[in-house]
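Please read these numbers as outputs of a predicted model, since none were measured by experiment. So you know, we letter chains A, B, ... as the sequences are listed, proteins then strands, and number each from 1.
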2 protein chains.
Amino acid sequence: MQESTRGNVRDPACPGRQLFDLVTARWASLVLVDLIAGPQRWSELRRRAGGVSDKMLAQTLRDLEAGGLITRTVHTSRPPTVQYALTDLARGVTSALQHLQDWAEQHTGDYVHHRDTYESSPQP
Amino acid sequence: MQESTRGNVRDPACPGRQLFDLVTARWASLVLVDLIAGPQRWSELRRRAGGVSDKMLAQTLRDLEAGGLITRTVHTSRPPTVQYALTDLARGVTSALQHLQDWAEQHTGDYVHHRDTYESSPQP
DNA sequence: CTGTATCCTTAGCGATACTG
DNA sequence: CAGTATCGCTAAGGATACAG
């Protein structure tokens, strides 16, 4: 499905860099990992993202949809509900994001310890 | 080595979130993947990061060092050279970062295609 | 070569109010 | 419920100049 052309993350002008920035963006990564468990509604995502504003969530979801990472499905009930779900494209990267978040949570203690003991490096 | 306390990435106030933000930061992720190949000097990192400013590189490296993800070694030659290297802590996360970048580069084509065909969703 | 200090512009982001 | 629109602040980040 993907082209033979390969992106270059180290080139700021390359779309590949933009894609990388997209999935590692502040709220996008949280949303993507959330959706591993299955399709979610707006209100679910908002609550589970922990502290995101309406504006940022909307922008994040639109960016992800535009990039082909999630789908948006409107259920015309009353009141209307909307479901967001991962695409196959996204499913190729969620495991790495999950791994990243797990790692951060497991090594929080190490990190804090380093920050505490990190004072100015020893000099005369 | 790590504490039994586990961080929570979804809590903006938790250090675990800060750690996650640190490793996914714009330049930090590029630097960390660069260092997989082995210790690098300032000038190497600056060139390979592709478009980073002195200020941002310095800030990134200081943050990574403070967090215990890289070490900084000064070789007092003339002119002085400085080497940066991964710590064991960092080595637990570089593979995920590498995977993320590989994925972004491999699927750049899909991403661009979606952005092109993504116009306003079809409505009446 | 390896940075630090300062200025200054931009854009990320939250708060608020409003709509289908 | 699921968003959009506008305002305004702050901080990220580039440019430039200078230093150990």
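For B:Trp103 and B:His99, the ring centers are positioned 6.0 Å apart or more.
The side chain to side chain donor-acceptor pair (under 3.5 Å) with A:Glu44 is formed by just one residue from the set A:Arg48, A:Arg41, A:Arg47; it is A:Arg47.
Atom CG in B:Asp63 sits about 13 Å away from atom C1' in D:dG13, given to the nearest Å. One can place CG of B:Leu30 at 12 Å from P of D:dG13, the figure rounded to the nearest angstrom. Rounded to an integer number of Å, the gap from CZ of B:Arg62 to P of D:dG13 is 14 Å. Rounded to an integer number of Å, the gap from A:Arg72 CZ to D:dA2 C1' is 8 Å. Rounded to whole angstrom, the span from the CG atom of B:Leu57 across to the C1' atom of D:dG14 amounts to 14 Å. Atom CG of B:Asp21 and atom P of D:dA11 are 15 Å apart (whole Å).
Dashed line: the shortest gap from a side-chain N or O of A:Arg46 to OP1 or OP2 of D:dC1 is not under 4.0 Å. OP1 or OP2 of D:dA2 has not a single side-chain nitrogen or oxygen of A:Thr81 nearer than 4.0 Å.
Residue A:Gln59 is the one, among A:Gln59 and B:Met56, whose nearest nucleotide of DNA chain D lies closer to the 5' end (criterion: closest heavy atom). Place A:Ser53 and B:Leu61 on DNA chain C by their nearest nucleotides, and B:Leu61 ends up nearer the 5' end.
Distances from the side chain of A:Asp54 to the nucleotides D:dG14, D:dG3, D:dC1 place D:dG3 closest. In the set D:dT6, D:dT4, D:dG13, D:dT6 carries the atom at the smallest distance from any side-chain atom of A:Lys55.
Here A:Arg78 lies out of heavy-atom contact (under 4.0 Å) with every strand.
Looking at B:Arg6 and A:Glu105, a side-chain N of the basic residue comes within less than 4.0 Å of a carboxylate O on the acidic one, giving a salt bridge.
Cation-pi geometry between B:Arg17 and A:Trp27 is met: under 6.0 angstrom from the ring centre, within 45 degrees of the axis.
Atom-to-atom distance recorded for A:Leu45:CG and A:Gln83:CD is 9.5 Å, nearest 0.5 angstrom. Atom CG of A:Leu86 and atom OG1 of A:Thr71 lie 8.0 Å apart (nearest 0.5 Å).
A side-chain donor from one of B:Asp110 and B:His107 sits under 3.5 Å from a side-chain acceptor of the other.
Note that the first and last nucleotides of DNA chain C, 5' to 3', having any atom under 4.0 angstrom from a heavy atom of chain B are C:dC1 to C:dC7.
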